[in-house]
**Student:** 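Have a look at this one.
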2 protein chains.
Amino acid sequence: MASSKRRPERRQEPLSRERIVAAAVGLLDTVGESGLTFRALAERLATGPGAIYWHVTGKTELLVAAIDAVIAPALAGDDTGTTPREAIRALALGVFDAIDAHPWVGTTLAQLPRTGQSPMLRVFERVGRQVRALHVPEAAQFTAASALLSYILGVAGQNAANTRAARPDTDRTEFLDAVASAWGELDPDEYPFTRDVAGQLREHDDRAEFLAGIDLILTGITAGRTRS
Amino acid sequence: MASSKRRPERRQEPLSRERIVAAAVGLLDTVGESGLTFRALAERLATGPGAIYWHVTGKTELLVAAIDAVIAPALAGDDTGTTPREAIRALALGVFDAIDAHPWVGTTLAQLPRTGQSPMLRVFERVGRQVRALHVPEAAQFTAASALLSYILGVAGQNAANTRAARPDTDRTEFLDAVASAWGELDPDEYPFTRDVAGQLREHDDRAEFLAGIDLILTGITAGRTRS
DNA sequence: ACCTGAACACCGTTCAAGT
DNA sequence: ACCTGAACACCGTTCAAGT
């Protein structure tokens, strides 16, 4: 009786956008994209599903907010004191790591338009600034930044697809081994290249591979510079 | 009475995988990804939803088959008599055009694993063969082909996102204008790059932009060659 | 062998009613 | 102002029953 007065048993913090988004991220991380349900979310927050709609307009907004929360650290880095090339690599790796830690981001991020308050726009801006710092000619800056962004998004999607395709109890190397074996048994007439390259898949490092792709594009971006 | 004997009124062709997939593509093209429903599909085919499951294991398989049908023409091209560089450009453009004509492909394609009988694997193989024809060193072939593929997928996803973000009644230029205006009004302290680059967006051509990105990567791939 | 369609176990979202 | 939870209009998938 005494306790009910000043200490509210702390069993029910008020609902808030932050608590909802945090719970959503937790759900996505543990149960995956299909696990994010208004009912499951409501249960985690000890309310009814309708309560969530007072703080959030719908599932899309919830998903964007979740992505934003997870991608934010990658954009928090300080670019001063590094070369633009290093800054782009660090930024790209930050996004890659965020997606690697939260595979559901890859699936959704690539589908967000580069408009409004989209996290996409923030990544684009960061990439673009460094492209400019590389002294890419004005007219080519948009193309260069877009290409880098598209590549990052493409890898993100592939990564998410691989995570989903892998049995939940297998780790990365096991999965790569399985894919490599499957590739190795493909029809040599139909898939000569994939077959031959299967071996490289076995000893490859997703992160290093991703970075190698970034470097490829960076090389392409800066290669033409001396000619202009 | 006479007609019911030899001419079966032709009102009910038997169901088949091809008919189902064709109807699915039609539904996706007209009503979009959210319009592909087993109930809607059944209605189009004049049956119950359960009938479809006799020919197709589930929605995932249906989606993959639909993508396959739409992407196939892009892979049918003949590569003989062109340079590898031209072959890669043509292949990439083929995929781009297929996705542009069927925006729902972009959303889903990027999420398919590069395994089994996935259309992804077929695109990868085609890209890879031309990478090899470019005389890229063995160890770098996987990276080069993967980078090209990831870029293509990334653009595909962005394209689909843009199509979805655009009001259904606006055309491409109207949409780009709207985005460019929005970018132009961004906070100059937070989005200096995006703001400045907004103008380039207005007069840009998606297809040309896409190809420019491919060229960037191709340049990156071939740039190091003379050094090795 | 192939089709039918009711039924199951879910969804996102709304909204009257409560505090 | 904020929460509740039943209700609405859907889903994908299954499966007994039909032909």
Side-chain angles (χ1 to χ4, degrees), chain A residues 4-28 30-67 104 107-108 111-112 164-165, chain B residues 4-28 30-67 104 107-108 111-112 164-165:
Chain A
S4 73
K5 263 267 173 70
R6 38 188 42 140
R7 281 194 292 133
E9 214 76 12
R10 96 177 190 315
R11 77 151 170 278
Q12 196 73 319
E13 264 179 282
L15 223 46
S16 66
R17 225 187 104 97
E18 296 94 77
R19 277 191 68 215
I20 292 173
V21 172
V25 170
L27 221 37
L28 286 162
T30 53
V31 210
E33 204 167 354
S34 68
L36 180 61
T37 299
F38 275 82
R39 271 163 253 257
L41 199 53
E43 200 183 1
R44 259 202 182 205
L45 296 164
T47 33
I52 298 166
Y53 281 87
W54 205 93
H55 300 272
V56 144
T57 58
K59 194 167 187 179
T60 307
E61 192 195 312
L62 191 57
L63 226 29
V64 173
I67 291 174
W104 48 271
T107 323
T108 332
Q111 298 175 35
L112 290 181
R164 200 172 342 173
Chain B
S4 74
K5 264 270 174 68
R6 39 187 42 139
R7 281 194 291 137
E9 214 75 11
R10 97 175 187 317
R11 78 147 168 280
Q12 197 72 319
E13 263 178 284
L15 222 45
S16 66
R17 224 187 105 97
E18 296 93 77
R19 276 191 69 218
I20 292 172
V21 172
V25 170
L27 221 37
L28 286 161
T30 54
V31 210
E33 203 168 354
S34 68
L36 180 61
T37 298
F38 275 82
R39 270 164 255 257
L41 199 54
E43 201 183 1
R44 260 201 182 207
L45 296 164
T47 33
I52 299 166
Y53 281 87
W54 206 92
H55 300 272
V56 144
T57 59
K59 194 166 187 180
T60 307
E61 191 194 312
L62 191 56
L63 227 28
V64 173
I67 291 174
W104 49 272
T107 322
T108 332
Q111 298 174 36
L112 291 181
R164 202 175 339 175

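Since the structure is predicted, the reported quantities are computational estimates derived from the model, not experimental observations. All chains are named by letter (A, B, ...) in the order of the sequence lines, taking the proteins before the strands, and each is independently numbered beginning at 1.
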**Student:** Would you give a per-nucleotide map of nucleotides 8-19 of chain D, 5' to 3', where B means the base has a protein non-hydrogen atom under 4.0 Å away, S means only the sugar-phosphate does, and - means neither?
**Tutor:** ---BBBBB----
**Student:** Using the side-chain contact (heavy atoms from CB on, under 4.5 Å) rule, take B:Val64 and B:Thr108 through it: C-alpha gap first, then chi angles, then the decisive distance, then the call.
**Tutor:** CA-CA 8 Å; B:Val64 173; B:Thr108 332; over 6 Å; no
**Student:** Within the side chain of B:Lys59, is there an N or O that forms a donor-acceptor pair under 3.5 Å with the backbone of B:Phe38?
**Tutor:** no
**Student:** Just by modelled atom types, is the A:Val56 backbone N or O under 3.5 Å from a matching donor or acceptor in the A:Arg17 side chain?
**Tutor:** no
**Student:** Rounded to whole Å, please give me the gap between CH2 in B:Trp54 and P in C:dC2.
**Tutor:** 4 Å
**Student:** Do the side chain of A:Thr37 and the main chain of A:Ala40 share a donor and acceptor less than 3.5 angstrom apart?
**Tutor:** no
**Student:** Dot-bracket, DNA chain D: Watson-Crick or G-U, under 3.5 angstrom, [ ] crossing, | other strand?
**Tutor:** ||.|||||...|||||.||
**Student:** Do you know which two heavy atoms are closest between B:Glu61 and B:His55, and how far apart they sit?
**Tutor:** OE2-O, 4.4 Å
**Student:** Start with the C-alpha gap between A:Gln111 and B:Gln111, add the side-chain angles, then the distance that decides, and say whether side-chain contact (heavy atoms from CB on, under 4.5 Å) holds.
**Tutor:** CA-CA 11 Å; A:Gln111 298 175 35; B:Gln111 298 174 36; 2.6 Å; yes
**Student:** Look at atom CD of B:Glu43 and say whether more than 12 heavy atoms of other residues, nucleotides or ligands are closer to it than 6.0 Å.
**Tutor:** no
**Student:** Could you tell me if the side chain of B:Trp104 sits less than 4.5 Å from the side chain of B:Ile67, heavy atoms only?
**Tutor:** yes
